[in-house]
Amino acid sequence: MGSLRLNSGIHASDLIQVKYIDTDGQMVIITLTENKNKKLFELEFWKVDFNPLNKFPFPDEVEILLID
């Protein structure tokens, strides 16, 4: 779990959100956000049980939850 800060500023909105199931059966939600200047802001990974990620998904392993 964690995030990768891509730019400075303040979170403005989510651009896309996807989910996948990690190898331990737990759901992981990945969110790409933008700042108030419409620049990529953060890539965030959140695992529902707060344990470390076991693997990163391949594109065909994610399900889109939100596209702005």
Side-chain angles (χ1 to χ4, degrees):
M1 290 196 357
S3 62
L4 176 63
R5 179 71 52 96
L6 304 169
N7 219 318
S8 62
I10 298 173
H11 173 268
S13 65
D14 296 346
L15 297 173
I16 186 167
Q17 191 172 74
V18 300
K19 71 176 183 176
Y20 74 98
I21 303 300
D22 206 351
T23 57
D24 60 2
Q26 296 299 312
M27 183 172 52
V28 179
I29 297 173
I30 304 170
T31 307
L32 180 62
T33 65
E34 67 179 359
N35 66 17
K36 294 189 182 256
N37 296 322
K38 302 288 185 192
K39 305 242 184 215
L40 292 179
F41 177 63
E42 195 171 59
L43 181 63
E44 180 178 64
F45 289 77
W46 180 69
K47 191 166 181 177
V48 297
D49 68 354
F50 299 101
N51 283 318
L53 298 175
N54 293 319
K55 72 172 219 109
F56 291 102
F58 289 102
D60 63 342
E61 296 175 321
V62 300
E63 176 186 338
I64 296 173
L65 299 174
L66 165 79
I67 296 179
D68 184 27

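On a predicted model such as this, the values are computed, not experimentally measured, just so you know.
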Non-hydrogen side-chain atoms of Leu66 and Thr31 separated by less than 4.5 Å: no
Beyond-backbone contact of Ile30 with Pro57, side-chain heavy atoms, under 4.5 angstrom: yes
Minimal non-hydrogen separation, Leu53 against Tyr20, with atom names: CD2-OH, 3.8 Å
Flag side-chain contact, heavy atom, 4.5 Å: Glu61 against Lys55: yes
Heavy-atom closest pair, residues Leu40 and Leu15: CD2-CD1, 3.6 Å
Residues which pass salt bridge (Lys or Arg N to Asp or Glu O under 4.0 Å) with Asp22, listed by chain and number, not counting sequence neighbours: Lys47
Leu4 reachable from Val18 in the ILVMFWY side-chain graph, under 4.5 Å edges: yes
Residues in salt bridge (Lys or Arg N to Asp or Glu O under 4.0 Å) contact with Lys38, at least two apart in sequence or another chain: Glu34
Separation between CG of Leu6 and OG1 of Thr33, rounded to the nearest 0.5 Å: 7.5 Å
Shortest non-hydrogen contact from Ile67 toward Ile64: CG1-CG2, 3.5 Å
All salt bridge (Lys or Arg N to Asp or Glu O under 4.0 Å) counterparts of Glu42, not counting sequence neighbours: Arg5
Nearest-0.5 Å distance, CH2 of residue Trp46 to CE of residue Met27: 6.5 Å
Rounded distance (nearest 0.5 Å) linking atom CZ of Phe41 with atom OG of Ser3: 8.0 Å
Side-chain donor/acceptor of Asp49 to backbone N/O of Asn51, under 3.5 Å: yes
Atom pair CG (Asn54) and CD1 (Ile21), whose distance is rounded to the nearest 0.5 Å: 12.0 Å
